[in-house]
Amino acid sequence: QVQLVESGGGLVQTGGSLRLSCAASQRTFRAYTMGWFRQAPGKERDFVARISSSGRMTYYADSVKGRFTISRDNAKNTVYLQMNTLKPEDTAVYYCAASPNFAANARYDCWGQGTQVTVSS
């Protein structure tokens, strides 16, 4: 399993943008599907987006489709989440995670520590 570290969170106003990064510890990162998840206080962790190991396939939760973009740079062992037109409902701790495949029911065994995103009204 790889070590994952998220960064790029912060405080923004409604309608603003942030780009989150998730850096992996080793080159084997390129063999994994990568996903972004988020968890708000008192709520369960929700799926946000995922990207296949090659970057050829992506999938988004309906709540972020058209606003968020997931991408990866395998040469830099990094996955990104570009978040535009942010809303207060996007406020959460955002986590990246690694999976052996792209399936909707795939397991994610390796997780980062999370980065806080706060969107004010």
Side-chain angles (χ1 to χ4, degrees):
Q1 58 190 24
V2 297
Q3 189 75 29
L4 304 174
V5 179
E6 302 95 335
S7 62
L11 174 64
V12 298
Q13 291 184 306
T14 297
S17 298
L18 285 173
R19 190 177 79 159
L20 306 184
S21 298
C22 176
S25 62
Q26 54 190 33
R27 197 170 63 179
T28 51
F29 157 87
R30 64 183 59 185
Y32 290 88
T33 285
M34 296 297 299
W36 285 98
F37 299 78
R38 65 188 182 186
Q39 186 169 26
K43 300 182 66 176
E44 292 187 351
R45 184 175 58 204
D46 291 330
F47 166 79
V48 176
R50 63 180 181 267
I51 186 167
S52 61
S53 58
S54 67
R56 295 190 185 100
M57 297 184 291
T58 59
Y59 188 82
Y60 299 90
D62 287 343
S63 59
V64 306
K65 192 175 299 181
R67 299 188 298 121
F68 290 12
T69 302
I70 189 170
S71 61
R72 68 192 298 159
D73 187 342
N74 284 348
K76 296 181 178 179
N77 294 346
T78 303
V79 64
Y80 305 95
L81 185 68
Q82 178 66 47
M83 306 185 295
N84 298 326
T85 320
L86 283 161
K87 306 173 181 180
E89 65 192 60
D90 296 318
T91 295
V93 176
Y94 283 70
Y95 300 89
C96 67
S99 172
N101 65 75
F102 190 71
N105 63 348
R107 57 184 173 85
Y108 289 80
D109 293 328
C110 298
W111 293 80
Q113 85 290 347
T115 185
Q116 177 71 48
V117 172
T118 303
V119 185
S120 63
S121 300

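FYI, side chains are in, hydrogens and waters are out, and symmetry mates aren't considered; it's all heavy atoms of this structure. Sequential numbering from 1 along the given sequence is applied to the chain's residues.
Arg67 meets the side chain to side chain contact (heavy atoms under 4.5 Å, CB included) test with Val64, Thr85, Lys87, Asp90; sequence neighbours excluded. The side chain to side chain donor-acceptor pair (under 3.5 Å) test applied to Asn105 returns no partner, not counting sequence neighbours. Listed by chain and number, the residues in a side chain to side chain donor-acceptor pair (under 3.5 Å) with Gln39 amount to none (sequence neighbours excluded). For Thr69, the side chain to side chain donor-acceptor pair (under 3.5 Å) criterion is met by no residue, not counting sequence neighbours. Pro88 is linked by a side chain to side chain contact (heavy atoms under 4.5 Å, CB included) to Thr14, Val119, Ser121, counting only residues two or more places apart in sequence or in another chain. Remark: Asp73 engages no residue in a side chain to side chain donor-acceptor pair (under 3.5 Å) (not counting sequence neighbours).
Annotation: side chain of Arg38 is in contact with side chain of Ser63 (closest heavy-atom distance under 4.5 Å).
The heavy-atom pair separating Tyr60 from Ile70 by the smallest distance is OH-N, 2.9 Å. Scanning all heavy atoms of the two residues, the minimum distance from Leu20 to Tyr94 falls at CD1-CB, 3.6 Å.
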Can I get a per-line list of side-chain donor-acceptor pairs under 3.5 Å for residues 4-13, giving both atom names and the distance, sequence neighbours left out?
from: Glu6; atom 1: OE1; to: Gln113; atom 2: N; distance (Å): 2.9
from: Glu6; atom 1: OE1; to: Gly114; atom 2: N; distance (Å): 2.8
from: Glu6; atom 1: OE2; to: Cys96; atom 2: N; distance (Å): 2.8
from: Glu6; atom 1: OE2; to: Gly114; atom 2: N; distance (Å): 3.3

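From Thr115, atom OG1 reaches atom CG of Leu81 across 11.0 Å, with rounding to the nearest 0.5 Å. Taken to the nearest 0.5 Å, the OG atom of Ser52 stands 12.0 Å off from the CE atom of Met34. Considering CZ of Arg30 and CG of Asn77, their distance stands at 6.5 Å, rounded to 0.5 Å. Note that CG of Asn74 and OG of Ser53 are 7.5 Å apart. Values are rounded to the nearest 0.5 Å.
Residue pairs meeting the salt bridge (charged side-chain N to carboxylate O under 4.0 Å, His left out) criterion with at least one partner in residues 39-58, sequence neighbours excluded, are absent.
With a 4.5 Å cut-off between side-chain heavy atoms of Ile, Leu, Val, Met, Phe, Trp and Tyr, the cluster of Tyr108 takes in Phe37, Phe47, Met57, Tyr59, Val93, Tyr95, Phe102, Trp111.
Hydrophobic clustering (side-chain heavy atoms under 4.5 Å, transitive across Ile, Leu, Val, Met, Phe, Trp, Tyr) keeps Tyr80 apart from Ile51.
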Report task. Go through the steps for Phe68 and Leu86 under the test side chain to side chain contact (heavy atoms under 4.5 Å, CB included), then give the verdict. Result -> CA-CA 9 Å; Phe68 290 12; Leu86 283 161; 3.9 Å; yes
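When atom types are taken as modelled, the side chain of Arg72 and the backbone of Thr33 share no donor-acceptor pair closer than 3.5 angstrom.
Side chains of Asn84 and Ser17: a donor-acceptor N/O pair is present below 3.5 angstrom, by distance only.
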